[in-house]
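Below: one structure, written as structure tokens.
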Amino acid sequence: MHRYAPLLGAIVMFVVSIVGVFTAGFWFWGGVVIFGIASAVGIRDITQEDHAILRNYPILGHMRFFFEKIRPEIRQYLLESDQDEEPFSREDRSIVYQRAKNAESARPFGTKQSVYSGGFAWMTHSIMPTRLDRHDFRVTIGGPDCRRPYDASLYNISAMSFGSLSGNAISALNRGAKAGGFAHDTGEGGISRYHRSGGGDLIWEIGSGYFGCRTEDGAFDPDLFAEQARSDQVKMIEIKLSQGAKPGHGGMLPAAKITKEIAEARGVPMGRDCISPAGHSAFSTPVELCEFIGRLRDLSSGKPVGFKLCIGHRREFMCIVKAMLETGIAPDFIVVDGKEGGTGAAPLEFANHVGMPLTEGLTFVHNTLRGAGLRDQIRIGASGKLIHAFDIARAFAQGADWCNSARGFMFAVGCIQAQACHTNRCPTGVTTQDPLRQRALVVADKAERVRNFHEMTMRALVELAEAAGLDDPRAFLPHHFMKREADGDMITGQMAWPYLPVKFLVDGEKDEYGYLERWGRARANTFTPPDPDAKATKKGHVEPEPQAVGS
């Protein structure tokens, strides 16, 4: 009966309080209200049928739900160590906050990393470091068919849509990009008024919903695309094939969440669910994708056009590369998104177990383009938890020409990793459409922090390049890094992320990593894999050979 003691006690005190009102006066009304509410809650608990805990522990059982609700905050502020990744460690977040505020970011008393544990990586340095007189290094993006190449910063804002982020957050990011001279990827939600308000350079991302360039039935509209793409603010066009958080998964924005501003940016009607299909309707084969790239380049008056993807079936990427060779149409850039990326909500199975992490995906794309002889004309961007200068330098060594960050810049505008992005109740106004919550994010202040974070990170990157004896941060190569294996042995970056020979795929040279075998199964005219055995219909099941009649 001890389980019901709180309920019985509340009822007893409720009765005592009522008696007290009639015998001792006004002061007992407080007890009537408090214990009356507690008694009503307890009676409801033992009669409801949804929660077994509340039926067995009326009133007291609510403590369990209360502590479960505040568990993430308790863990973040009181329990987790500086290195616990949930998904970004406190150490990672702190360095962003400090750089965004232009505050001292040096750390005393040595590293907190476990340098002898498997997976630890470090950069080799030179006895003769260089001294560079600038930090604003840039990369020119634009292949042979591009008439309006773009000189991009080595570090830019990754794709985050208006709708996922608040208008104030988008404005702060774009104003910061303008002040710092770097680019802002729109995400697939279209170009909103908030993207335009800051005047910063835009990379217009076009997803399967073709937001901002779609017909009423959701197909691609070339006229609307050309009208938007010719804006001077739009510097590059990025076709989103997949994204790190949920590759191969579409999405839906319910009609109830579509505001007039979101409808305006996306070109969708009010009062109707907004669907992002899992795949594109403008193309269905590798050759058609290449032709679509060429079409967008023409419609945008020759601006750089590329695509973003998280690597899944490696053969399918090779299909696209074969189509480039067959059609003579190549993208100006490819952005490799690691499966560890992603600012939006995603099904747990997708977030945890679908898609290739950045290191493996980036190395694969880099070597495939080298093997096809296309690497010199296609720039590669990388995104996926790249918030430190060391992360950026290592991505350059693995084959990237520039890097993007989404969550790093989210931290710069005030995100505290509350992980309430999908609830519309973001405590800092970053990922909510609630006007009162958005008010907490002061655009002018956060724009300055965005600029500071970019500048301080670039300065740190240059310092690493100087320590390695380099004249340019883009000169990092695998041999500048080392990594500890799980067994404690060290391996060089050349062993972990090897550069394979140029044109080894088209020349048919053997390799020990399985590229050539996969290249042989890739087809430019289809993403469908060849059937190695026409009789095999299901895994583990082979149709029996036909028997002769009478045998």
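The figures that follow rest on heavy atoms only: side chains count, while hydrogens, waters and symmetry mates do not. The shown structure was predicted, so the numbers you read here are calculated from the model rather than taken from an experiment.
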(request) State, without any angle test, whether Asp217 and Thr215 hold a side-chain donor-acceptor pair at a distance under 3.5 Å. (result) yes
(request) Report the C-alpha distance between Arg439 and Asp434 in whole Å, list the side-chain angles of each, state the deciding distance to 0.1 Å, and finish with yes or no for salt bridge (charged side-chain N to carboxylate O under 4.0 Å, His left out). (result) CA-CA 9 Å; Arg439 182 179 176 275; Asp434 183 333; over 6 Å; no
(message) Quick check: do Phe225 and Ile237 have side-chain heavy atoms less than 4.5 Å from each other?
(response) yes
(message) I'd like to know if the side chain of Glu261 pairs up with that of Tyr194 as donor and acceptor (distance under 3.5 Å, no hydrogens or angles considered).
(response) yes
(request) Tell me, with the steps shown, if Arg451 and Glu455 meet salt bridge (charged side-chain N to carboxylate O under 4.0 Å, His left out). (result) CA-CA 6 Å; Arg451 188 196 69 81; Glu455 180 176 344; 2.6 Å; yes
(message) Main chain of Ser284, side chain of Glu288: is a donor-acceptor contact present, judged purely on distance under 3.5 Å?
(response) yes
(request) Check whether any side-chain heavy atom of Asn404 lies under 4.5 Å from a side-chain heavy atom of Val335, and answer yes or no. (result) yes
(request) Using salt bridge (Lys or Arg N to Asp or Glu O under 4.0 Å) as the criterion, list what pairs up with Glu238, not counting sequence neighbours. (result) none
(request) Could you tell me whether the side chain of Met356 reaches within less than 4.5 Å of the side chain of Arg314, counting heavy atoms only? (result) yes
(request) Taking all heavy atoms of Ser276 and all of Glu188, pick out the closest pair and write down the distance. (result) OG-OE1, 3.9 Å
(request) Mark yes or no for whether Thr186, through its side chain, and Glu205, through its backbone, hold a donor-acceptor pair below 3.5 Å. (result) yes
(message) Surrounding NZ of Lys178 (heavy atoms of other residues, nucleotides or ligands, distance under 6.0 Å), is the total greater than 12?
(response) no
(request) Over 60° means perpendicular and under 30° means parallel, so classify the ring planes of Phe390 and Phe481, tilted if in between. (result) perpendicular
(request) Please check if the distance between the ring centroids of Tyr515 and Phe364 is under 6.0 Å. (result) yes
(message) Quick check: closest heavy atoms across Ser197 and Ser171, and the distance to 0.1 Å?
(response) OG-OG, 3.5 Å
(request) Answer whether the closest heavy-atom distance between the side chains of Lys101 and Asn452 falls below 4.5 Å. (result) no
(message) Which label fits His280 and Phe283: parallel for a plane angle under 30°, tilted from 30 to 60°, or perpendicular past 60°?
(response) parallel
(request) Check each of His366, Arg375, Arg474 against Asp401 using the side-chain hydrogen bond (donor to acceptor under 3.5 Å, both in side chains) test, and report the only one that passes. (result) Arg375
(request) Search all heavy atoms of Val450 against all heavy atoms of Gly176 and return the closest pair with its distance. (result) CG1-CA, 3.9 Å
(message) Tell me if a side-chain donor or acceptor on Gln228 pairs with a main-chain N or O of Gly212 at a distance below 3.5 Å.
(response) yes
(request) Work out which heavy atom in Arg297 is nearest to a heavy atom in Ser300; give both atom names and the distance. (result) O-OG, 3.2 Å
(message) Counting only heavy atoms from other residues, nucleotides and ligands, does the tally under 6.0 Å from CG of Asn352 exceed 12?
(response) yes
(request) Check the angle between the aromatic planes of Tyr210 and Phe220 and answer parallel, tilted or perpendicular using the 30° and 60° thresholds. (result) perpendicular
(request) Give a yes or no on whether the ring-centroid distance for Trp204 and Phe211 is below 6.0 angstrom. (result) no
(request) Check whether any side-chain heavy atom of Thr359 sits under 4.5 Å from a side-chain heavy atom of Pro357, and report yes or no. (result) no
(request) Over all heavy atoms of both residues, which pair between Ala522 and Lys322 is shortest? Give the atoms and the distance, please. (result) O-NZ, 3.1 Å
(message) If we count only N and O atoms by modelled type, under 3.5 Å, do the side chains of His195 and Asn174 hold a donor and an acceptor together?
(response) no
(message) I'd like to check the side-chain hydrogen bond (donor to acceptor under 3.5 Å, both in side chains) partners of Asp471; sequence neighbours left out, ordered by chain and number.
(response) none
(request) Please check if the side chain of Asn168 supplies one atom and the backbone of Val442 the other of a donor-acceptor pair under 3.5 Å. (result) no
(message) Between Lys308 and Asp185, does any NZ, NE, NH1 or NH2 come within less than 4.0 Å of an OD or OE carboxylate oxygen?
(response) no
(request) Mark yes or no: Arg134 above the aromatic ring of Phe137, with NZ or CZ under 6.0 Å from the six-membered ring centre and no more than 45 degrees from the axis. (result) yes
(request) Using the salt bridge (charged side-chain N to carboxylate O under 4.0 Å, His left out) rule, take Arg295 and Asp298 through it: C-alpha gap first, then chi angles, then the decisive distance, then the call. (result) CA-CA 5 Å; Arg295 187 183 183 194; Asp298 290 338; over 6 Å; no
(message) Looking only at the aromatic ring of each residue, does the gap between the centers of Phe333 and Phe307 stay below 6.0 angstrom?
(response) no
(message) Would you say that Tyr499 contacts Leu477 through its side chain, given a criterion of any heavy-atom pair below 4.5 Å between the two side chains?
(response) yes
(message) With no hydrogens and no angle check, just 3.5 Å: does a side-chain donor-acceptor pair link Thr140 and Asp151?
(response) yes
(request) Taking all non-hydrogen atoms of both residues into account, name the closest pair between Gly181 and Arg138 and its distance. (result) O-NH2, 2.8 Å
(request) Ignoring hydrogens and angles, state whether a donor on the side chain of Gln243 or Lys240 is under 3.5 Å from an acceptor on the partner side chain. (result) yes
(request) Answer yes if the ring centres of Tyr155 and Phe182 are under 6.0 angstrom apart, and no otherwise. (result) no
(message) Tell me which one of Leu241, Thr285, Val287, Ile293 satisfies side chain to side chain contact (heavy atoms under 4.5 Å, CB included) with Ile320.
(response) Leu241
(request) Answer yes or no on whether Lys385 is positioned over the face of Phe88, meaning its NZ or CZ is under 6.0 Å from the six-membered ring centre and within 45° of the axis. (result) yes
(message) Less than 3.5 Å apart, any donor N or O on the side chain of Asp92 or His388 sitting next to an acceptor on the other?
(response) yes
(message) Is it true that, when you exclude Arg370 itself, more than 12 heavy atoms of the residues, nucleotides or ligands shown sit nearer than 6.0 Å to its CZ?
(response) yes
(message) Closer than 3.5 angstrom, by distance alone: can the side chain of Asn156 be matched with the main-chain N or O of Ser153 as a donor-acceptor pair?
(response) yes
(message) Under a 3.5 Å distance rule, please check whether Ser161 uses its side chain to pair with a backbone N or O of Gly163 as donor and acceptor.
(response) no
(message) Would you say Thr457 and His454 are linked by a side-chain donor-acceptor pair, where the criterion is simply a distance under 3.5 Å?
(response) no
